[in-house]
Number of protein chains: 4
Amino acid sequence: MGEFVVPIRPRFGEVDSMGVVYHAHYFVYFDVGRTEWMRAAGSPYAELERRGFRLAVVEADVRYLKPAHYDEDLRLAITLDVVRGASVAFSYELRGPAGVLATGRTRLGCLNHDNRPVRLPPDALAMLRRGIQAASRPSEIP
Amino acid sequence: MGEFVVPIRPRFGEVDSMGVVYHAHYFVYFDVGRTEWMRAAGSPYAELERRGFRLAVVEADVRYLKPAHYDEDLRLAITLDVVRGASVAFSYELRGPAGVLATGRTRLGCLNHDNRPVRLPPDALAMLRRGIQAASRPSEIP
Amino acid sequence: MGEFVVPIRPRFGEVDSMGVVYHAHYFVYFDVGRTEWMRAAGSPYAELERRGFRLAVVEADVRYLKPAHYDEDLRLAITLDVVRGASVAFSYELRGPAGVLATGRTRLGCLNHDNRPVRLPPDALAMLRRGIQAASRPSEIP
Amino acid sequence: MGEFVVPIRPRFGEVDSMGVVYHAHYFVYFDVGRTEWMRAAGSPYAELERRGFRLAVVEADVRYLKPAHYDEDLRLAITLDVVRGASVAFSYELRGPAGVLATGRTRLGCLNHDNRPVRLPPDALAMLRRGIQAASRPSEIP
């Protein structure tokens, strides 16, 4: 899907006493981004979950460059970097009027209902891989 | 257990840009209070959950009287008001150096794994009722 | 504005171990609703804040009727019930495929930078009152 | 202070639909750990804040090794790795009955009220450095 961009509007309760978005909430924004990415790729996470598969975050990092504020109209660019049989890795760039606010990465492992590592189902794997390959035109969630 | 008091120390991320605890987090403090109340009453919620029972909040309200701040050493007084076969009601008073900061109430219904209303198991009911009756001396979590 | 409706899509981290949205998050959804209501009424909260005014929740309650789930396409209907010089009251109805999931109310008081009660600025008051009166046609955030 | 250990008990609302602590909350636990570390080192963060200094997270990462659950009695070990004039770096290890659950690091920069980078005040710097040097005996928050 090339560059995939999701709008993010920080909520009042996500801002701390410094008047900027509290650092832990960036991981929630990344999660919102993944949900939209997977829906757009044709493999909604909620559906994967109903079929007994889960994607658990096994590694996450973020670099905070500039502060984000309440009610700003931000954009989260999200890229699927790696798809293996049992794990995927996304990277993120949060952008605001002042430029790039933060960058981050997460690696997720596929688990079954008993929290054991398993391969992603073939149809989901195919959809995720197509999502990576269709890297031609930027798309945006309205 | 009479008046049961749990210490609450607001976390940095729970404070909003006004420098006071964001209103939604009071319901989380109440939940922390219930967890400690039930543990002290001899019927830990985590154990009830493992046995297939859940207590779902069906009604909640709070009145905010004075602001709470980051890292203040607060006390949450929690009282079990009503125990019926399939529901319980607690009330709360959050206290700080400036007096009573907020009061609230929650009513919870007992559900089974399929989210259907069921009666609480007899031993848990008995423990909760004993918790109400032992209303003689204040106790405090260290 | 009559009935004003805001889309809400529960995030993965807002769902608890029962697989339903954790009760405290409903107050966050109500807050998101207020932000969109005020923007639509021509008096964005972020702007009010920059001018030194705040709206602090002084009372809140909610009744949980049916559970909400991850990634469902919900609608939050929000109504401004009362506008006084220094306080406003909103009511809320969260709706999903199964009907009304929850109803709630919040009362907010206007504060200045020193957290003292003050009257809302006249232009904001006028906009909020117009928002109430224009109760003819339902509007919806895209 | 050598190894400094803070008790962490995951709250019900911090657990997701997989029955494990949602990944973003680990950064909140790390923050709770810093608050206690600084208090124990004699330089409480709330005091630093009142004097006009802030510590903003500029980099954070975590590796999730084993899941954490609701109401478990966990231990967060926290170490101050680096103190420079205008920044500090901590590392963390979250431990449960099953061993090490997660490891993480955060780097924080010191800002003044206008969110500009500044050096930490000398007394705070001295206290933090003493905190690092006193690396002889493990201490634990009761």
Side-chain angles (χ1 to χ4, degrees), chain B residues 13-35 45-46 48-50 52-69 87 89-92 98 100-117, chain C residues 13-35 45-46 48-50 52-69 87 89-92 98 100-117:
Chain B
E14 291 167 354
V15 168
D16 67 20
S17 60
M18 295 195 263
V20 303
V21 173
Y22 184 63
H23 69 286
H25 295 298
Y26 286 66
F27 294 96
V28 178
Y29 299 163
F30 296 171
D31 196 342
V32 168
R34 286 194 299 278
T35 288
Y45 184 71
L48 211 58
E49 214 184 12
R50 271 191 292 276
F53 297 93
R54 284 107 187 257
L55 287 171
V57 178
V58 291
E59 228 175 298
D61 66 76
V62 66
R63 300 191 58 161
Y64 303 90
L65 306 172
K66 289 173 185 166
H69 305 91
S87 78
F90 288 96
S91 60
Y92 314 87
V100 177
L101 308 185
T103 60
R105 287 171 309 168
T106 55
R107 199 161 58 81
L108 300 101
C110 188
L111 303 176
N112 67 10
H113 257 120
D114 301 320
N115 286 330
R116 286 176 194 282
Chain C
E14 291 167 354
V15 168
D16 66 21
S17 60
M18 293 195 263
V20 304
V21 174
Y22 183 63
H23 70 287
H25 295 298
Y26 285 66
F27 294 95
V28 178
Y29 298 163
F30 295 171
D31 195 342
V32 168
R34 288 195 298 278
T35 288
Y45 184 71
L48 210 60
E49 214 184 12
R50 273 191 291 275
F53 297 93
R54 284 106 188 258
L55 287 172
V57 178
V58 292
E59 229 175 296
D61 65 76
V62 67
R63 298 191 60 161
Y64 303 89
L65 306 172
K66 287 173 185 165
H69 304 91
S87 79
F90 287 95
S91 60
Y92 314 86
V100 178
L101 308 186
T103 61
R105 288 171 308 168
T106 54
R107 200 161 57 81
L108 300 100
C110 187
L111 302 176
N112 67 10
H113 256 121
D114 302 321
N115 285 331
R116 286 177 194 281

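Each chain gets a letter, A, B and so on, in the order the sequences are listed, and its residues count up from 1. Keep in mind that the numbers below use all heavy atoms, side chains included, and drop hydrogens, waters and symmetry copies.
- At a 4.5 Å heavy-atom cutoff, the contact between Asn115(B) and chain C is made by side-chain atoms alone.
- If you tally non-hydrogen atom pairs under 4.5 Å between each of Pro67(B), Ala24(B), Gly104(B), Ala60(B) and chain C, the highest count goes to Ala60(B).
- Using a 4.5 Å heavy-atom cutoff, the side chains of His23(B) and Asp31(C) are in contact.
- The two atoms that bring Phe27(C) and Tyr22(B) nearest to each other are O-OH, 4.4 Å, heavy atoms only.
- Two residues are said to be in side-chain contact when any heavy atoms from C-beta on lie closer than 4.5 Å; Ser17(B) and Glu49(C) meet this criterion.
- Nearest heavy atoms, Leu55(B) versus Met18(C): O-CE, 4.1 Å.
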